[in-house]
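Structure, as structure tokens:
Proteins get letters first, then strands, A, B, ... in listed order; numbering begins at 1 in each. Values reported hereafter were calculated over all heavy atoms of this structure, with side chains retained and with hydrogens, waters and symmetry mates removed.
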Amino acid sequence: MTPANARAGGRPGTGANFLDPRVLQRIGNLELVARSVVEGFLQGLHRSPFVGQSLDFAEHRPYALGDDPRRVDWRVYARTGRYYVKEFEAETNTNFTVLLDVSRSMSFGREGLSKFDYARFLAASLAFLARRQGDRVGIVTVDDEIREVVPCSARHLERVLLTIDRARPENPGELAQALRDVTARQERKGIIALVSDLYLEPDELSQPLKVLGQAGNDVLVFHVLDPAERELPYEDALTLEDLETGEVLPVDPGELRAEYQELIRSHIAGVASALAKGRVDYLLADTSEALDQMLFSFLSARQDRKRRGRWASRS
Amino acid sequence: MGLAFLTPLFLGGLLAVAIPVIVHLIRRHRGMPFHFPSLMFLRRLPVRDVRRRQIRDWPLLLLRASVVVLLALAFARPVLQFGGAEEEGVEEAFREVVIVLDRSWSMMRGERWERARSSADSVLSELQAPDRVSLVLFDRSGMLAVEPTLDLARVRAVLDTTRAGWSGARFGSGLQAAATVLDASDRSRQEVVFISDFQRSGWDQGPRDRLPPGARLLPIDVGNDGLGMIVVSDVIFEHSFPEGRHLVTPTVRIVRQGPGPPARGELTLELDGALAESRTTEISQVITSIALEPFLLSGPDPVRGEIRLVPEEAEAEEPFRFSLSAREILSVLLIEGPDAPPYLRQALRLAGTPPIRVENRTSTQGLTPESLEEFDLVLLHDLPLPSGAAGAQLRDHVDSGGGLLVVAGPGSAPAEWESAWDAILPGRPGEPVTRDPVRGGSLTGLEQDHPIFVAFSGPEGGSLGGPRFFRYRTLPLADPSSLGMEGDLEPVRALARFDDGTPALAERAAGSGRVLIWTSALDTGWSDLPLRPVFVPLVREMVRYAAHRREASPFVTVGQPLDARFLLERAGLLRDRPTEEGEAAGGEGWTLPAAVMIGPGGRSAGLRAGGGPIDLREPGFYEIQRESAAPGTGWTLAANPDLGEVDPTRMDPQELVLAAQGEGTATSTEPGADREVSLLESERRQGAWRFILLAVLLLLLGEAVVSNRRKRLAQQG
């Protein structure tokens, strides 16, 4: 389904209308964009997609070594004779940090909407969604280093949106290093949403994310790609210039397309696989897809996956 | 049929077809690279040099390459070439051959004529059956002797009966006649076989002396025989009038050409058939001038003379013939003050044609009809016009056909002229105008076609703009309308003007005579004209014109067109005005009926004033008389062969080829040696290059459209 007919016809089976990214691009106010995106799909989501320690009870799970004994639900123990601990829905005490890749490769876009525009909308929407759920929101922009940092705070949504609005993809990217720097600087665990085109090897990516995960962070990765860089749709021989390095390479897309697509598919699969191993949620965000639809699908799937994971771990 | 090129060097431009290929590849590589997020995956793919291997923009490349190829072809000027008649069977592929044969006097020398005929016969033998041939004979004029025909026997028959003549050669006449044939031809292969001895004197190229584009000139030189020659080339007659007698002293000019020791020959002068003088002379120089003894010219009848040179060891040439008559003398009454400078007198007394007999007077007093009757012209030099009876006598003289030339110098006092002169003068001169003493004024407004100035119109005629005039008189021209002369043709007109517009020379037809006024002086007081080379000819031309006398030479040249009216006038058979006798005879009213011209062989032909030019074909004496008159009672005209033919200087035939052929026509000295079609003619017929350039224009438009479209697509990408 193309963005156009997605916008016009909506998502089958949900009755919801999704927003064409190119329409969002014409909205100058980033908060309005985020609001438009989030409020649309929240109507069908019903529950917070981000689950953590909060005051609202969520479920029981078996006691494990290292659990705080204070969280053992003694009433369940009284009825069943087994130790269960309570888990609560996250509400206001979670840090939600957007890691936005602002390297030059993000400026690519073949049909008017660049990956960076799409990533900005996505980051703003995530921040808006998190803040709407009461989380503290912050942002870190990175290319070959950390460019700008907005610490997580319940009052920082506007700063986050402003930072996103001002960001420009001007420098070459070195995401692995930037992630390592973020890891080193992180003080409090939370939810970290990485929005990037991930032009690095899967292992280079998974390693720092794995560290973040091990530090108690819930890491989400949004892999933003333009259809053109997945398909190499050019017909004529041409010279390509690397946005990051400036390197030029004359190519004949007709002859290289199949091999290139295979390499891209392998790369995506490799990234997804590597992140899955590190318990990192991964979403391939195609810039031709409606943003709200994409978020809805992703968060719904994440909800289900969490639920299934709990039940699986419970059994 | 094949393809040929007029300028094949331009085909080298085909190499430029590589330019769009190179540009195509280079531009694609260097121009407008596409931004791409990362080449990390593409770099992993095998390296392929697409710059040299792949051309994706084939349509654009082909368009650009086609433009280059077509441009090269257009500049190479392609033409369709017919390989031969048997190949195509197209009539246009066969030749149109014009044989141009020189039959001038010089072709009579040695065996030139036989060689020329033999050459023409060889050309005819080489022709193929479908080739068309025509024959042009030329001397001073060209004549189409045989129109284009396939019948070679007819051409041979004309050649058998043709002989060289006595006229001079003018190659342009033959070329023009040939060009006329070729212009009318529908055949693309056109050749002119030009057979001549190629005397330099025959070539004076005119603007029309060219063959049509594509026609080839194939010269055949029959004059390269090294023949020597000793011939009388000219005779100058000096007239003197001692003691009232008219003596003529002929000076003979002999031209000797060719190697060898000094030649001896016998030079004889015959007058009216009687030997007047004979002398043996040695001729060692190229040009030798010999003054013969003077002889007396008396009576109105002309004297026939023949000067003959008989070399001891060479063939005798035609005698030089002349005819002199006392009637040919122009008599001038020069009236000038006793202290007048000699410039004008000397100019009149110099030898020339017509010979001028000058009688001087120092005053206008005592003029009588009898004293004026013997003069054709009265020249009043820097004196006032006479008044009273003398003035009336002079005006009557003019009215009856005499001429009057007034030089209105400082002593002319025009203000004192009696008013009766205004009836015949072109105007009354005014006060002198003084010009800058250094630069002076000059003659500018000349009636170039007027008989006085025709002699000065050519490049060798001298410049009338050179003399400086420091003083001259104004001359308000008489108004013809006020004189009731509307019907006359320009009775008053300025023939020359100074640079400020003041008339320098004005004329007026008065009765049967003419009056001319020169508004400056003919001495060095008011101008430097007498010191200029143009002074003598200008004076003589003014005198001759004012005296109503046409130039009368003692002889004419064979082939020289002659005006029948002029001949009749000289023979005294032409009246100044229409006569009832002439009109009654159904003529133009100007001639006596039944005038005839009897040629050297006794052949006679009618002569009418309006009968067009007479072309004498052979040398000798011609007698013009009434048909009914007894033989020998008419006026005699002497005709000599064209003396220009005695100049044996030869020209390179290739010079004629280059001058006569159009640009781009192949040259060859071998007639019929190859049978290539005239490329220029083919090009003219097809004009393929024009269409090619049109195609180039269309391709360029297409290229612009395609290129812009691809550029837009690229920018969108």
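- Between A/F108 and B/F36, the ring planes are perpendicular. Angles over 60° get that label, and only those under 30° would be called parallel.
- Of all heavy-atom pairs spanning B/P37 and A/E244, the tightest one is O-CG, 3.6 Å.
- In this structure, CZ in A/R104 is found 12.0 Å from OG in B/S38, a value given to the nearest 0.5 Å.
- Here the CG-CE distance, from A/L200 to B/M40, works out to 7.0 Å after rounding to the nearest 0.5 Å.
- At a 4.5 Å heavy-atom cutoff, the contact between A/L232 and chain B is made by side-chain atoms alone.
- Between B/F41 and A/L263, the shortest heavy-atom distance links the atoms O-CD1, 3.3 Å.
- B/L39 has its side chain out of reach of A/V251: every pair of non-hydrogen atoms, C-beta onward, lies at least 4.5 Å apart.
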